[in-house]
Novice: 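First the structure, which I've put down as structure tokens, then a few questions once you've had a look.
Source: prediction; values computed, not measured. Counting begins at 1 with the first residue of the sequence.
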Amino acid sequence: MNWFGRQLEEHHLFRRLVIVFFLFVYLEVTRESFSYAYFAAELGISATDTVLVLGSLQTLMTLLMGYAFKIYSNSRLKD
């Protein structure tokens, strides 16, 4: 546990892991968005409705990722 604790404190491992986690979640949302787009195209759902759904999903994740990166950048400036 001493090595892991030192990695968290000295090398700021936790904040890097958070960024990697958010990148993975962003990837999953993008993958699901593509799946929904193909599904909506097969069902004949209008493009406007499809874009509204995909835009709402991607907007939320983009805002969350941007906020996390802002906090990450500000914490790096304090070091």
Side-chain angles (χ1 to χ4, degrees):
M1 187 63 182
N2 189 17
W3 175 84
F4 187 68
R6 196 174 64 234
Q7 293 295 320
L8 288 174
E9 288 294 323
E10 294 175 7
H11 301 291
H12 310 289
L13 182 64
F14 180 75
R15 65 183 178 196
R16 291 184 178 129
L17 289 175
V18 169
I19 292 295
V20 169
F21 173 74
F22 277 128
L23 285 172
F24 175 74
V25 171
Y26 198 81
L27 175 73
E28 286 297 312
V29 167
T30 302
R31 192 177 60 79
E32 288 298 321
S33 295
F34 272 100
S35 296
Y36 178 76
Y38 289 129
F39 176 74
E42 288 176 359
L43 289 180
I45 297 174
S46 70
T48 306
D49 294 339
T50 304
V51 167
L52 287 173
V53 170
L54 295 179
S56 64
L57 289 173
Q58 292 295 329
T59 301
L60 290 174
M61 279 309 301
T62 301
L63 290 174
L64 182 61
M65 187 66 187
Y67 184 68
F69 189 73
K70 177 184 170 187
I71 291 173
Y72 174 75
S73 296
N74 288 341
S75 69
R76 285 191 54 128
L77 292 175
K78 292 178 183 176
D79 289 341

Novice: Using the rule that Ile, Leu, Val, Met, Phe, Trp and Tyr join whenever any side-chain heavy atoms are under 4.5 Å apart, tell me whether F24 and L57 fall into a single cluster.
Specialist: no

Novice: So which of V25, L17, I19 actually passes side chain to side chain contact (heavy atoms under 4.5 Å, CB included) with F21?
Specialist: V25

Novice: For Y26, what residues pass the side-chain hydrogen bond (donor to acceptor under 3.5 Å, both in side chains) criterion, not counting sequence neighbours?
Specialist: T62

Novice: Give the other cluster members for Y67, using side-chain heavy-atom distances under 4.5 Å between Ile, Leu, Val, Met, Phe, Trp and Tyr residues; answer none if it is isolated.
Specialist: I71

Novice: Quick one: salt bridge (charged side-chain N to carboxylate O under 4.0 Å, His left out) partners of E28, sequence neighbours excluded?
Specialist: R31

Novice: For residues 40-54, tabulate all N or O donor-acceptor pairs below 3.5 Å that involve a side-chain atom, not counting sequence neighbours.
Specialist:
residue : atom : partner : partner atom : Å
S46     : OG   : D49     : N            : 3.4
S46     : OG   : D49     : OD2          : 3.1
T50     : OG1  : S46     : O            : 3.1

Novice: Are F69 and M65 in one and the same hydrophobic cluster, where Ile, Leu, Val, Met, Phe, Trp and Tyr link if side-chain heavy atoms are under 4.5 Å apart?
Specialist: yes

Novice: Measuring from atom CG of L27 to atom CG of L23, what distance do you get when rounded to the nearest 0.5 angstrom?
Specialist: 9.0 Å

Novice: Quick check: closest heavy atoms across V29 and M61, and the distance to 0.1 Å?
Specialist: CG2-CG, 3.5 Å

Novice: List for me each residue that meets side-chain hydrogen bond (donor to acceptor under 3.5 Å, both in side chains) alongside Y72, sequence neighbours excluded, and say none if there are none.
Specialist: R76

